[in-house]
Amino acid sequence: MFQIPCPHCGLRNVAEFRHAGEQRRRPDPQTATPEEWRTYLYTQANDAGWTRETWYHRFGCRRFVGVQRHTVTNEVRPADTGPAPSVASPPAGIDAGAPDAGGGAM
Amino acid sequence: MKVPTSARRSAPPPEQICRLPVQPGELIERGQPLSFTWNGRAHTGYEGDTIASALAGSGVRIFSRSFKYHRPRGILTASGLDPGCTMQVGDEPNVRAAARRLADGMDVRPQNVWPSLRYDVGSANQLVGRFLTAGFYYKTFMKPQRLWPAYERILGGFAPGGRIPRTAEADYYDQRYAHPDVVVAGAGPAGLGAALAAAQAGARVILVEEEYELGGCLRWGDAAELALLDELRAAVDASPDIEVLVDSVVAGRYDDNWISILQRGLARVAERLIKARAKALVVAPGLIERPYVFAGNDLPGVMLGTAVRRLINLYAVRPGARAVVLSANPEGDAAVADLRRAGVEIAAVLDARRGEDVRRAVGGSGVKAVEVADGRRIECDLLVTSIGWTAPTSLLNMAGARPWYDPAAARFRPGDDLPEGVLAAGGLVGDGTVEELVAHGRAVGAAAAATAGFGAGRPPPALDVRTHPALFRASTHGMVDFTEDVSSQDILAAAAEGYDSSELVKRYTTATMGPTQGKLETVNTVAVLAEATGRRIDELGTTVWRPPYAPISLGALAGRTHEPVRHSPMQSWHEAHGAAPLIAGAWIRPDHYGDAQAEARHVREQVGIIDVTPLGKLDLRGPDVPKLLNLVYVNKWSKLEIGSVRYGVMCAEDGVVMDDGVTGRLGPERYLMSTTSSGAAAVWEHLEGWLQTEHPDWAVHIAPLTTYYASINVAGPHSRELLARITEGVDLSPDAFPYMRVRTGRIAGVDECLMWRIGFTGELSYELHVPASYGVHVWQALLERGADLGTAAFGVEAQRILRLEKGHLIVAQDTDGLTKPYEAGLGTLVKLDKDDLVGRPELVWQQQLGEQQRLVALQPEDGSIVPAEASQIVRGTAIVGRITSSRFSPTLDRSVCLGTVEVALAEPGSVVTVLLPDARRIRATVMPELAHVDPEGRRLRV
Amino acid sequence: MPSRQASARYSAFGLLRRGLTHRDWPRVWREHDLAPAYDAVIIGAGVHGLATAYYLAAKHGFTNVAVLDKAYVGGGGSGRNTAIIRSNYLTPDGVRFYDRSVKLYESLAAELNFNVMFSQRGHLTLAHNDGSLRTMRWRAEVNKLEGVDSEVIGPKEIKRLVPFMDVSPEARYPIMGALYHPPGGTIRHDAVNWGYARAADALGVQIHQNTEVIGIDVRAGQVRGVQTNRGPVSAPVVLNCTAGWASLVSAMAGVALPISTHPLQAAVTEPVKMFLRTVVVSGSLHVYVSQTDRGELVFGASTDAYPSYSMRGSLEFTEELAGHVLALMPSIAKLRLLRQWAGLCDMTPDFSPIMGITPVEGFLLDVGWGTYGFKAGPVAGETMAELIATGKTPQLIAAFDLARFAEGRLVGEKGAAAVGH
């Protein structure tokens with residue numbers, strides 16, 4: 001249960017929030033081509049690393065809150081903490097490949 | 001857990017033949033004998049005993065049979081990890097009998113035996129053991145395929161473990177949230193020191209100990225150590241800032257120090273799950289003694305040094321008569337001293353530090369002799385090994401830290417890659433005298449308090465790590481995983497086949513997959529694998545332990561049910577009048593009051609009232625509400641007059657229908673929006689999302705009013721007359737209050753009631769929204785004042801019949817996850833000549849391309865047949881549509897349906913084939929309008 | 001076929017003979033140096049990659065193939081899933097596709113000479129409200145039309161199949177009925193992975209563990225090969241068979257995917273004597289459960305609500321899971337949870353996979369499996385092998401192309417997919 005720093009309510013459990021997606025720009029609905037519009041609808045960066053995203057504080061102030069989150073470690077910091085570096089390659093050192101005494105499913 | 005009377009009448013219980021005279025640190029209360037049954041036979045023990053110590057005290061040596069080979073097993077570790085001491089206690093399976101306190105009247109039974117512990121049929125598997133090597137089942141039973149289910153049943157019959165009852169009285173489990181500054185996991189010398197130092201710095205501490213008493217290894221120590229324990233325990237007792245939880249365990253460490261603690265030993269509460277957000281976690285579990293791998297290492301009578309020390313010192317149990325001890329460390333030497341003091345004859349002490357070793361233990365149902373590496377054979381009934389340690393780094397792993405193998409210490413050690421707020425203390429980190437361990441704990445506790453904002457702790461001093469001989473396997477092969485019956489030979493064979501990484505060998509042999517989750521077995525597994533592959537232990541890598549640290553009951557995890565139920569204010573009336581409940585998400589609603597068909601007919605002929613409180617209701621205020629409505633609804637809203645209501649359909653950005661409802665304008669800048677019951681929360685979030693992220697400049701404020709109002713729909717030809725009797729201040733005449741208008745007035749003496757003239761049922765009807773606290777009052781007033789008009793309540797089922805007769809769709813029933821408005825017969829509502837509209841581009845493209853499916857009304861040729869909803873509409877075997885809604889219409893005395901069909905079949909008069917679930921095929925005709933009843937809408941416009 | 005195969009054939013007789021002689025079995029797959037070039041490189045040694053390699057070799061004689069994995073065989077989603085097999089999907093496309101997979105699974109043990117322990121013990125999807133009962137009926141009707149055994153059954157029959165189930169109307173979420181799918185069941189996932197790996201190896205396919213792809217070479221719109229931590233490899237065909245990393249691997253080839261990666265958690269209890277023969281799923285309660293031959297209950301749930309690459313698992317998952325399992329089977333409260341873990345699921349907007357060609361010639365996809373990947377392993381392997389060998393997209397996977405998103409042709413499986421195990 002990681003925590004999200006809500007600018008209105010302080011540090012709160014993630015269970016109080018709904019993930020509202022990566023921050024992205026909505027194309028002009030009058031002029032968007034199908035490709036542009038559907039890229040907006042369906043395609044995410046889905047980075048393994050720091051991402052900028054929006055959460056809705058559903059069980060709190062009911063504000064949409066921008067944060068930066070590291071999608072591998074789930075570390076969260078406020079949206080205005082410097083530029084979030086993008087990691088567009090498979091992350092090294094994630095435990096998928098590590099020997100593991102308990103990861104097996106029957 | 002009552003003792004069967006037959007057992008009480010049977011022979012007197014065996015005497016405590018293996019009990020020693022009083023020991024200085026013993027936990028048992030000799031004045032408090034307890035009786036229990038073991039395997040149906042009466043036994044006794046003492047208050048303070050574990051189940052296993054009580055049995056051992058009366059001379060029991062075989063405690064269970066192993067999983068695969070049904071080998072007899074006794075005490076190995078005398079702790080919660082003991083693989084041979086898992087038992088059925090009453091209706092509770094898999095009880096750790098070497099850790100569970102004995103209670104009076106317990107019904108204790110062995111698991112995994114048939115017909116008895118002593119003569120077990122499954123033990124024949126031992127004879128064929130060489131053919132049942134690890135993974136043997138992958139290599140056989142492939143053919144013939146049809147026999148596999150039979151083989152599978154036989155394999156399944158060998159499933160280990162106890163039995164769970166089919167019915168059980170619900171125990172009480174609860175949960176608690178805690179916000180301590182510091183959680184200390186483990187109350188041995190280091191954990192006690194840490195808790196004391198953290199509390200002294202001003203931190204609030206929760207100290208958690210898995211066993212029943214504080215002290216860890218101090219409990220079985222010498223007089224000085226017992227005195228130290230007394231002193232520490234007194235200090236802890238005196239500290240108001242330390243909350244002590246014994247018989248409890250830190251089960252998991254999750255992100256941001258979210259810590260789960262399982263608390264046991266509570267009165268009237270079976271177990272409690274504590275969820276603690278701690279500023280710092282101190283992990284101080286000590287070390288786990290590691291078994292040695294050699295032939296016969298699982299015979300009853302082979303025990304670890306710590307096991308005999310526990311038995312002698314804590315429970316005054318003599319573990320054997322004549323012992324051989326293999327010692328590689330001071331703990332083993334102390335075990336020798338304890339055994340001597342307990343009067344056990346020491347047949348030989350083999351000092352592994354001088355290269356002495358065992359070869360095998362010999363015996364059938366227990367140790368009879370030990371063969372030593374030098375060729376001697378020594379008669380004995382007890383073989384004690386103290387050959388090394390495992391550092392239980394589990395909680396540190398969960399925090400992301402990686403243990404590393406230290407060949408000099410012959411154990412994995414915690415890495416220094418711990419996140420802030422997680423600290424390790426004591427034996428887990430290094431070696432030392434008990435005084436040094438306490439001092440280390442104190443330093444770590446002070447550092448933990450500093451992390452939590454108390455005092456200025458310094459980095460704790462490093463503990464020495466002593467060299468230790470690397471002993472994993474003797475010259476013979478034996479068990480590596482006792483609960484899974486995996487031997488060192490199995491691991492060698494698996495490695496030779498190519499399952500040669502830690503992960504693959506684990507998966508293939510199932511070593512470390514059993515109830516101890518590798519705490520006893522992991523390091524030996526890796527060591528034997530290293531031997532097999534010619535690699536070093538550190539090359540094979542560390543091991544990652546998954547949560548939980550200790551098994552945790554489903555009951556404790558579940559706690560009490562926290563899933564709320566929502567009722568309207570009129571629920572008590574519904575219940576008193578025989579309403580059948582309908583579960584609709586969180587809401588419980590009246591489905592019907594006995595006869596839905598009659599209720600529907602009544603609405604068409606007279607007047608009915610239905611409780612529609614769950615309808616979502618949102619108060620929208622501000623000058624920019626029309627902009628918002630234009631954006632989220634497909635139709636236009638700019639010109640909605642005060643006092644008018646309008647139907648609207650909402651789409652998501654992909655053009656798919658997400659909700660519908662009516663919105664009315666109550667004042668210049670005041671609107672009330674209704675949503676579907678299930679969509680209420682999602683629509684609110686949807687609106688807030690658009691306002692907050694795309695249009696923060698729009699002045700709109702939204703407040704949810706769903707349960708502020710009780711909502712009642714009054715429907716039927718007499719509804720106007722009924723309302724006229726109880727309404728004040730509103731002219732109900734058709735000209736003054738026509739269809740699709742909203743008025744505010746006084747109903748049954750209640751001010752500020754809203755009245756919408758709308759008609760989901762297709763009848764003249766009014767939806768009343770009255771302050772919730774007056775819901776029952778207005779409901780009863782309607783029934784009383786309208787008695788002579790035939791006013792009666794109707795439920796959701798009658799409403800569904802009525803709306804289907806009228807051809808009104810239900811979003812998510814008559815639409816699905818891909819339905820756009822054009823396909824739902826809502827295309828005429830869509831107005832694309834607006835600046836913006838959620839999902840606009842998709843709607844434009846769909847309008848250009850045309851739809852492939854369309855929602856239509858269908859009439860079965862045989863009106864007595866009601867095709868089940870979701871019946872498929874077919875052409876041959878191809879699916880061309882489906883029935884989305886169907887009911888028998890009391891108004892028309894025939895079945896009525898809505899369905900989606902391919903556009904080519906959607907023309908009125910088309911005849912389609914409906915395949916019923918019972919495989920009959922019937923014909924149905926596409927109707928010209930969605931409405932079966934009153935397509936012109938005359939009834940609701942009167 | 002190499003001669004070693006004859007002596008290495010698995011059988012009861014072989015077990016007996018080796019038991020007597022104490023001779024080890026030959027390696028299940030061999031180790032190789034990485035060659036500079038292959039006819040095809042498959043990224044990911046999970047069930048999809050291995051099955052593709054096996055069918056390429058076995059059906060199309062295409063053996064100069066390397067399967068690369070950054071870790072070990074079957075260590076990703078293929079070794080972390082709850083191994084439930086079924087074909088009772090909602091759309092005809094989905095039903096046909098997964099039915100082919102079930103058929104392949106049924107004969108897989110014999111075909112691979114490796115017992116994959118496919119246990120067709122029946123699969124129940126519970127309905128707790130009339131909406132989900134309607135969806136169950138919908139699935140049953142589509143299934144029957146496609147020749148798949150599915151039927152809606154009532155509480156009495158459910159109680160007969162699962163005696164521990166609380167089917168009383170007083171339950172917080174009363175059970176109104178269920179979709180019963182007799183051919184559904186469970187399988188030993190590791191055995192499937194190893195069986196495919198062993199059979200592919202025997203046919204000449206090279207499996208390279210601990211070989212991580214760190215780049216994909218694309219020139220002039222055509223894939224040329226991959227860069228690995230063990231050096232470069234050239235190949236005219238590169239197939240992305242990864243799960244969890246599908247969008248990151250595709251990004252190396254410049255192909256953006258409509259994928260969001262979510263953890264899917266699972267857990268297992270201590271073993272108890274067999275009491276649950278059927279696989280039980282409740283979509284409303286976000287839980288599915290089955291009991292293994294070893295006596296453990298294996299639980300799964302829906303994916304975590306937010307995307308993440310973290311596989312650490314959460315406490316709230318186990319709390320909700322336990323609460324809902326006890327709502328279904330109240331008497332098992334004393335059963336203890338032994339271990340929880342997580343895998344990564346690549347979720348697509350329509351809960352259906354992305355299979356086939358991409359704008360980069362020769363760079364192929366078999367990704368976006370969400371929570372359904374293991375069920376589809378054999379049929380995905382068979383169809384992707386056919387695509388690689390013939391250059392033509394098989395009809396069975398035509399609906400799953402990447403272009404459907406840009407063209408607005410989503411697959412209608414989403415309705416039934418909230419928790420579809």
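Computed from a predicted structure; not experimentally measured.
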Side chain, backbone, both or neither of [X] within contact of chain B (heavy atoms, under 4.5 Å):
{"X": "C:P330", "answer": "neither"}
{"X": "C:E316", "answer": "side chain"}
{"X": "C:F275", "answer": "side chain"}
{"X": "C:D130", "answer": "side chain"}
{"X": "C:F299", "answer": "side chain"}
{"X": "C:I332", "answer": "both"}
{"X": "C:Q291", "answer": "neither"}

**Prompt:** With a 4.5 angstrom heavy-atom cut-off, which part of B:A878 approaches chain C: side chain, backbone, both or neither?
**Reply:**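 Interface part for B:A878: neither.
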**Side chain, backbone, both or neither of B:D816 within contact of chain C (heavy atoms, under 4.5 Å)** = side chain
**Prompt:** Does C:F114 have C:R188 sitting over its ring (NZ/CZ under 6.0 Å from centre, angle to axis within 45°)?
**Reply:**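 Relative to the ring axis of C:F114, which defines the angle, C:R188 lies outside at least one limit.
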**Cation over ring face, B:R253 and B:W258, 6.0 Å, 45°** =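 No, B:R253 and B:W258 do not form such a contact.
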Identify which of [options] forms the greatest number of heavy-atom pairs closer than 4.5 Å to chain C.
{"options": "B:T877, B:I583, B:N94", "answer": "B:N94"}
{"options": "B:Q175, B:E842, B:M398, B:Q489", "answer": "B:Q175"}
{"options": "B:P548, B:A493, B:S260, B:A550", "answer": "B:P548"}

**Request:** Would you indicate whether C:E407, at its atom CD, is surrounded by more than 12 heavy atoms from other residues, nucleotides or ligands within a distance under 6.0 Å?
**Result:** yes
**Message:** Quick check on B:R163: does its CZ atom have over 12 non-hydrogen neighbours (other residues, nucleotides or ligands) under 6.0 Å away?
**Reply:**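 Open.
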**Request:** Not counting sequence neighbours, list each pair that qualifies as a salt bridge (Lys or Arg N to Asp or Glu O under 4.0 Å) and has a residue in residues 317-326 of chain C.
**Result:** B:K275-C:E319
**Prompt:** Between C:R294 and B:E484, is there a side-chain N and carboxylate O pair less than 4.0 Å apart?
**Reply:** yes
**Message:** Using every non-hydrogen atom in the two residues, find where C:E141 and B:S871 come nearest and quote the distance to one decimal.
**Reply:**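 Heavy-atom minimum between the residues: CG-CA, 4.4 Å.
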**Message:** If the condition is salt bridge (charged side-chain N to carboxylate O under 4.0 Å, His left out), which residues does C:E106 pass it with, not counting sequence neighbours?
**Reply:** none
